[in-house]
Amino acid sequence: MSTRIYNTLSRQKEVFEPVVPGKVGIYCCGPTVYAPSHVGHVVGPVIFDTVKRFLRYRGYDVTFVINITDVDDKIINKAAEEKTSTEELAERITADYIEHLGRLGVEVDHFPRATKYIPHMLAMIETLVKKGFAYPSGGDVYFDVTRHPAYGKLSNRNIDEMMAGARKEVSDLKRHPSDFALWKGAKAGEPAWESPWGPGRPGWHIECSAMSMDLLGETFDIHGGGLDLCFPHHEDEIAQSECCTGKTYAKYWMHNGLMQYGDDTRKMGGRCMAEEGDIASQEAAKMSKSKGNIVTLAKLLSDYSPELIRFFLLSTHYRSPISFSDERLKEVGALLEKAHTFAERYEQVMGSAFYELKAPQTWAEAPFEAGGSEFLGRVVELRNRYLEFMDDDFNTAGAIGTMAELITLLNRQAGSYESSKDEATKTEFAAGAVVLKELADILGILTKAPESAGGDDQLTASLLDLLLKVRQMARQEKSFALSDAIRDELAELGVTIKDGKEGSSWKIESSH
RNA sequence: GGUGCCGUAGCCAAGUGGUAAGGCAGCGGAUUGCAAAUCCGCUAUUCGCCGGUUCGAAUCCGGCCGGCACCUCCA
């Protein structure tokens with residue numbers, strides 16, 4: 001069984017073979033920290049976290065890196081606007097970002113900061129200059145794209161064609177219009193570091209090369225990011241890295257589709273956003289503002305559970321664009337709720353929490369020959385289909401489909417046990433539930449019971465229990481008008497009543 | 001103009017040569033005092049359009065239509 005990855009470099013799916021057997025390094029381009037995170041900033045992290053989880057399940061030792069760009073013009077401008085230092089602004093936004101990733105279940109091994117890697121970058125730039133791939137010019141240092149024959153291999157472009165479409169003015173400090181800055185001479189008042197070419201700061205792309213190679217090696221496995229970063233950012237990373245080391249930089253390039261807001265197609269997937277001065281983005285911003293659909297992550301996570309956001313992002317194949325809307329979120333939420341309802345049922349049947357189940361963390365530990373009954377045969381079949389989907393370029397949308405089928409199968413088995421009270425049926429049910437947990441762990445969902453919106457306190461719980469007791473009396477006396485009124489009115493307060501064979505239960509629905 | 005991605009039911013979404021997964025919504029049934037939850041059944045002769053290749057195509061090729069992204073240095 002082998003995992004295949006769509007590699008942007010070759011524009012086809014390739015069998016995944018790590019550079020170092022048993023180990024995998026993943027680098028994902030993170031945000032420029034100048035404004036609060038929005039939903040687009042977490043698309044890549046959630047996807048690549050899932051890639052990490054799946055590869056770990058497949059037995060690899062995975063290291064996952066997301067960088068933080070904490071030196072940039074946008075940060076400088078924003079800090080000036082807010083009358084604070086760039087350091088303070090960057091720290092604050094970074095903390096906000098990392099906290100949100102944590103809530104979304106994104107497990108990152110390293111968050112390297114650009115400002116901590118200045119010496120690494122300077123060393124690289126010096127090497128590039130020494131080797132003749134870069135040249136100093138007026139306090140800046142530029143990469144000479146004409147010296148790199150493979151320039152354009154990732155985004156499938158050639159420099160001459162691009163010139164035809166060039167629409168911006170070209171700096172006269174450059175030899176070729178496509179040359180890009182490795183180092184930028186400092187202007188007055190800007191954060192600056194000493195360099196052989198005078199005080200300045202790193203260019204846009206060099207940080208990713210320096211940090212990824214330092215943490216993952218000069219040749220590493222997977223480099224990810226939003227589709228919008230493919231050119232020029234990733235193209236330039238490849239050029240400068242491979243010219244510097246003479247080795248292959250990243251083996252597999254994965255690009256995720258961008259988040260879209262309904263009709264408004266403002267891109268949201270990468271670490272950079274359209275400049276405010278850009279006419280197109282002004283219109284987009286206006287449109288978004290009037291629709292009220294620019295959503296910060298903080299706002300989003302106050303309306304929806306982190307788990308739902310994560311599940312939503314995984315419900316579409318990662319290479320497709322994903323549309324953000326409340327309707328879509330609600331739709332996806334229905335399936336997630338079904339899964340949690342199943343978890344409750346599991347607890348009733350087994351007397352222990354589904355969320356606490358210890359499922360196999362790797363493929364090798366999982367008992368693939370569950371054999372025997374038709375039920376377990378079906379479970380294993382569904383697991384295999386799930387894994388085939390994931391092996392095929394991390395098709396989470398397809399995998400979720402098989403999970404939905406597994407839940408239906410498990411519910412049926414639960415019903416079968418509840419009516420027969422047959423111990424063997426129960427044992428099989430338990431084994432099937434472990435498989436569901438195993439598959440959910442790969443997606444990073446169903447890790448804990450959904451948080452209810454308030455009502456966690458003892459008094460509320462006692463009052464609701466009391467209300468249910470009163471209602472039960474009413475039902476026994478067949479005062480259905482009364483019992484229904486209680487149920488209806490509680491429903492309006494967001495409390496759902498379920499009448500089961502074993503008695504009634506209440507549940508406070510979360511806000512959405 | 002260049003490069004690339006996409007177009008599958010009311011909606012969302014898998015499927016890349018072998019005869020259309022799954023979810024939401026809807027309808028019918030079981031269950032229920034009625035509900036909720038759960039289960040069962042039904043719901044695309046058809047995959048933007050037109051040609052071609054093939055025994056066979058949503059899947060490959062060509063053309064067209066429609067949507068989107070990127071085409072640089074402070075995106």
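In what follows, every chain begins at residue 1, and chains take the letters A, B, ... in the order their sequences are listed.
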If you measure from the [atom1] atom in [N] to the same atom in [M], how many Å do you get, rounded?
| N | M | atom1 | value |
| --- | --- | --- | --- |
| B:C40 | B:G48 | P | 31 Å |
| B:G41 | B:C11 | C1' | 22 Å |
| B:G62 | B:U53 | P | 15 Å |

Rounded to whole Å, please give me the gap between [atom1] in [X] and [atom2] in [N].
| X | N | atom1 | atom2 | result |
| --- | --- | --- | --- | --- |
| A:Arg319 | B:C70 | CZ | P | 19 Å |
| A:Tyr318 | B:A14 | OH | P | 12 Å |
| A:Gln413 | B:U38 | CD | C1' | 14 Å |
| A:Leu482 | B:A35 | CG | P | 19 Å |

What contact category does [X] fall into here, base, sugar-phosphate, or nothing, at under 4.0 angstrom with non-hydrogen atoms?
| X | value |
| --- | --- |
| A:Arg4 | nothing |
| A:Arg345 | sugar-phosphate |
| A:Asp72 | nothing |
| A:Asp484 | base |

* Structure fact -> Nucleotide by nucleotide, nucleotides 18-30 of chain B touches protein heavy atoms under 4.0 Å in the pattern (B base, S sugar-phosphate only, - none) ---BSBS------
* To do: Determine the interplanar angle of the A:Tyr151 and A:Phe180 rings, folded into 0 to 90°, and report it as parallel if under 30°, tilted if 30 to 60°, perpendicular if over 60°.
  => parallel
* To do: Tell me which of A:His317 and A:Arg471 sits closer to the 5' end of RNA chain B, going by the nucleotide each one is nearest to.
  => A:His317
* Structure fact -> RNA chain B nearest-nucleotide lookup for A:Lys478 and A:Asp179: closer to the 5′ end is A:Lys478
* Asked: Between the base of B:G33 and the side chain of A:Arg475, is there any donor-acceptor pair under 3.5 Å?
  -> yes
* To do: Report yes if a donor N or O on one partner sits less than 3.5 Å from an acceptor N or O on the other, where the partners are the side chain of A:Arg487 and the base of B:C34; otherwise report no.
  => yes
* Structure fact -> By ring pair (Phe, Tyr, Trp, His ring centres under 6.0 Å), A:Phe16 pairs with (sequence neighbours left out) A:Tyr60, A:Tyr252
Any donor-acceptor pair under 3.5 Å linking the side-chain atoms of [Y] with those of [X]?
| X | Y | result |
| --- | --- | --- |
| A:Thr50 | A:Arg310 | yes |
| A:Tyr135 | A:Asp179 | yes |
| A:Asp393 | A:Tyr318 | yes |
| A:Asp72 | A:Trp204 | no |
| A:Arg328 | A:Ser315 | yes |

Only pairs with both distances under 3.5 Å count, Watson-Crick or wobble alike; so what is the partner of [N] in this structure?
| N | result |
| --- | --- |
| B:C49 | B:G63 |
| B:A21 | none |
| B:C70 | B:G2 |

